[in-house]
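What follows is a set of notes on a single structure, which appears directly below.
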Amino acid sequence: MTQKASKAPATSPLAASETEQQRFERILSRPEFKPLKAVFDNLGVSFFAMQGAIIATNSYQLFLGKVGYRVVIDHHRQLR
């Protein structure tokens, strides 16, 4: 009989001393999230407002609306 090795989870479990905000910041510090982190850093919105907006929305546009911004697309502007 052979035993199958258990696969380690993709993410480490939340450390007992790590807060939700620290976990959020740790995940955003990954290289693949660098552009998103730059956007979040420049929004000027508290972590708790962002957390609530992220949980309550399913799109970037809705997220921005929840934190007080909106997306405006100018269809009349000509590209040069």
Side-chain angles (χ1 to χ4, degrees):
M1 225 183 224
T2 61
Q3 290 182 332
K4 290 184 179 182
S6 64
K7 197 174 188 181
T11 58
S12 60
L14 184 63
S17 62
E18 186 178 46
T19 66
E20 284 293 321
Q21 183 172 358
Q22 290 168 331
R23 180 174 180 256
F24 183 74
E25 290 171 358
R26 178 177 51 81
I27 292 170
L28 275 181
S29 70
R30 295 177 183 169
E32 63 267 28
F33 295 121
K34 187 176 181 178
L36 182 60
K37 183 179 182 329
V39 171
F40 285 172
D41 288 347
N42 286 295
L43 286 177
V45 178
S46 76
F47 162 75
F48 298 105
M50 278 196 291
Q51 181 185 35
I54 288 170
I55 291 170
T57 61
N58 62 1
S59 75
Y60 185 63
Q61 184 175 357
L62 291 174
F63 164 77
L64 288 177
K66 291 273 186 181
V67 295
Y69 290 86
R70 63 183 174 157
V71 176
V72 177
I73 300 172
D74 186 356
H75 294 285
H76 302 289
R77 186 174 180 174
Q78 292 180 349
L79 297 176
R80 294 179 190 195

Following the transitive rule for hydrophobic clusters with a side-chain heavy-atom cut-off under 4.5 Å over Ile, Leu, Val, Met, Phe, Trp and Tyr, establish whether [X] and [Y] coincide in one cluster.
X: Ile54; Y: Val71; value: yes
X: Val67; Y: Leu62; value: no
X: Tyr69; Y: Ile73; value: yes

With sequence neighbours left out, which residue pairs that include part of residues 52-64 fulfil the salt bridge (Lys or Arg N to Asp or Glu O under 4.0 Å) condition?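 Passing the test, one end in residues 52-64: no pairs.
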
Salt bridge (Lys or Arg N to Asp or Glu O under 4.0 Å) partners of residues 61-71, not counting sequence neighbours, each pair once: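 Found none.
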
Side chain to side chain donor-acceptor pair (under 3.5 Å) contacts touching residues 40-59 (sequence neighbours left out):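 Found Lys37-Asp41.
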
Quick one: list whatever passes side-chain hydrogen bond (donor to acceptor under 3.5 Å, both in side chains) with Gln61, sequence neighbours left out.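 Gln61 satisfies side-chain hydrogen bond (donor to acceptor under 3.5 Å, both in side chains) with no residue once adjacent residues are dropped.
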
Which pair of non-hydrogen atoms, one from Phe24 and one from Met50, has the smallest distance, and what is that distance?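 Phe24 and Met50 have their closest heavy atoms at CE2-CE, 4.3 Å.
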
Could you tell me which residues satisfy side-chain contact (heavy atoms from CB on, under 4.5 Å) with Tyr60, sequence neighbours excluded, listed by chain and number?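 So Tyr60 forms a side-chain contact (heavy atoms from CB on, under 4.5 Å) with Val39, Phe63, Leu64.
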
Give, for atom CD of Glu20 and atom CZ of Phe48, the distance between the pair rounded to the nearest 0.5 Å.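 Answer for the CD-CZ pair, Glu20 versus Phe48, is 10.0 Å.
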
Mind checking ring pair (Phe, Tyr, Trp, His ring centres under 6.0 Å) for Phe33 and listing every partner two or more places apart, or none if nothing turns up?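 Result, ring pair (Phe, Tyr, Trp, His ring centres under 6.0 Å) vs Phe33: none returned.
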
